[in-house]
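Keep in mind that what you see is a predicted model, and the values were worked out from it rather than measured.
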Amino acid sequence: MDSSSPKTTVVVPTYNERDNLPKLVERLAALEVPNLHLLVVDDNSPDGTGEVAEKLAIDGPLPIRVLHRTVKDGLGRAYVAGMTRALEDGADIVIQMDADLSHPAEVIPTMISTLTTTDAAVVLGSRYVPGGAVASDWPWHRKALSAWANFYVNAILRLGVKDATAGFKAWHARTLNAIDVASINSNGYSFQVEMNYRTTSRGMRIAEVPITFEERIEGVSKMSFGVQLESALVPWKLRFGKKR
């Protein structure tokens, strides 16, 4: 491992992802990114994902730490816990990605390069810039909902990004500190939106690189009605609420 390279920590929240996690670890290790670490944030998965993660931490192909949480209170909360721990552990770059293999790990080197060679404060893997795409097997109504969500968020907050709800991102540690990531309360897709809003409202730039988003193969989606409702309300709260 090249310890002179920036410490890059991939933060991956998990809940019932025991089949996907080992595959994700293999994909990350194959990248051969210098000084790459993985932080698994497991929300007490009933299927034993936490135990799988601990085993991978012992004999896996890259440095892995596991943060066990006793409650399942949303993706946003898991990311905040993981990012906060990554910063405490000295990460220079923090990458957020899902455990369901929907985010293409092979794009991570491009994201890191863009982050470290430009003035970008964060780089997101975008489905809606040239070269990007959503899963080919998505039904038309899901594609329409995703496109509408991005139009809706940008119409309210004027973020100036094509994929405002994207969850695959590479952050400078200093950006996460500047936006006070530990104080973010949103969950689900609204967590992604609030992170973007705090970044752009401070005059920092978001860069986008194309990805092809794939549908999960194993497990089930964690989307709920409550998450959808919060995602609809949060942009208005951010636009008209008290500025942090």
Testing the basics here: between [X] and [Y], what is the closest heavy-atom pair and its distance to 0.1 Å?
X	Y	value
Ala99	Pro13	CB-O, 3.7 Å
Thr9	Ala86	CG2-CB, 4.0 Å
Ala29	Pro61	CB-CG, 3.5 Å
Ser5	Asn35	O-ND2, 2.9 Å
Arg18	Asp47	NH1-O, 2.7 Å

With heavy-atom distances below 4.5 Å as the criterion, would you say the side chains of [X] and [Y] are in contact?
X	Y	answer
Ile95	Val11	no
Thr175	Val94	no
Glu54	Leu56	no
His172	Leu115	yes
Tyr197	Arg202	no
Tyr128	Glu208	no
Ile108	Met97	yes
Val161	Ser126	no

Has [X] got a side-chain atom pairing as donor or acceptor with [Y]'s backbone, closer than 3.5 angstrom?
X	Y	answer
Asn20	Leu101	no
Asp98	Asp100	no
Thr116	Ile112	yes
Thr49	Ser45	no
Asp92	Lys7	yes

Under 4.0 Å between a side-chain nitrogen and a carboxylate oxygen: does that hold for [X] and [Y]?
X	Y	result
Lys23	Glu26	no
Arg65	Asp89	yes
Arg198	Glu194	yes

Among all residues two or more places apart in sequence or in another chain, which pass the side-chain contact (heavy atoms from CB on, under 4.5 Å) test with Arg205?
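Result, side-chain contact (heavy atoms from CB on, under 4.5 Å) vs Arg205: Thr118, Asp119, Ala120, Ala207.
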Mind checking what makes side-chain contact (heavy atoms from CB on, under 4.5 Å) contact with Ala182, not counting sequence neighbours?
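Result, side-chain contact (heavy atoms from CB on, under 4.5 Å) vs Ala182: Thr84, Asp180.
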Given the rule in the side-chain contact (heavy atoms from CB on, under 4.5 Å) test, do Leu21 and Val40 qualify, once you have shown the distances and angles that lead to the verdict?
CA-CA 9 Å; Leu21 186 59; Val40 177; 4.1 Å; yes
Please table the atom pairs, donor to acceptor, closer than 3.5 Å between any side-chain atom in residues 163-170 and protein atoms at least two apart or in another chain.
from	atom 1	to	atom 2	distance (Å)
Asp163	OD1	Arg127	NH2	2.8
Asp163	OD2	Arg127	N	2.8
Asp163	OD2	Arg127	NE	2.8
Thr165	OG1	Arg127	NH2	3.1
Lys169	NZ	Gln192	O	3.3
Lys169	NZ	Asn196	OD1	3.0

Find the distance between [atom1] ([X]) and [atom2] ([Y]) and round it off to the nearest 0.5 Å.
X	Y	atom1	atom2	value
Arg85	Leu67	CZ	CG	5.0 Å
Thr212	Glu106	OG1	CD	8.5 Å
Lys72	Asn16	NZ	CG	8.5 Å
His103	Leu24	NE2	CG	11.0 Å
Ile64	Leu39	CD1	CG	10.5 Å
Leu31	Leu62	CG	CG	9.5 Å

Walk me through it: do Arg69 and Asp43 pass the test salt bridge (Lys or Arg N to Asp or Glu O under 4.0 Å)?
CA-CA 5 Å; Arg69 302 199 321 142; Asp43 280 2; 2.7 Å; yes
Residue pair Ile179, Trp171: steps toward the side-chain contact (heavy atoms from CB on, under 4.5 Å) verdict
CA-CA 11 Å; Ile179 67 174; Trp171 296 87; 4.0 Å; yes
Between Phe191 and Met204, is there a shared hydrophobic cluster once you connect ILVMFWY residues whose side-chain heavy atoms come closer than 4.5 Å?
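They do share one cluster, since a chain of ILVMFWY contacts under 4.5 Å joins Phe191 to Met204.
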Return yes if a side-chain donor-acceptor contact under 3.5 Å exists between Thr70 and Asn44, otherwise no.
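On atom types as modelled, these side chains do not qualify, holding no pair under 3.5 Å.
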Val41 and Val12: CA distance, side-chain angles, deciding distance, side-chain contact (heavy atoms from CB on, under 4.5 Å) verdict:
CA-CA 6 Å; Val41 184; Val12 177; over 6 Å; no
Assess whether side-chain contact (heavy atoms from CB on, under 4.5 Å) is satisfied between Val209 and Val107, documenting all intermediate values.
CA-CA 8 Å; Val209 297; Val107 181; 4.0 Å; yes
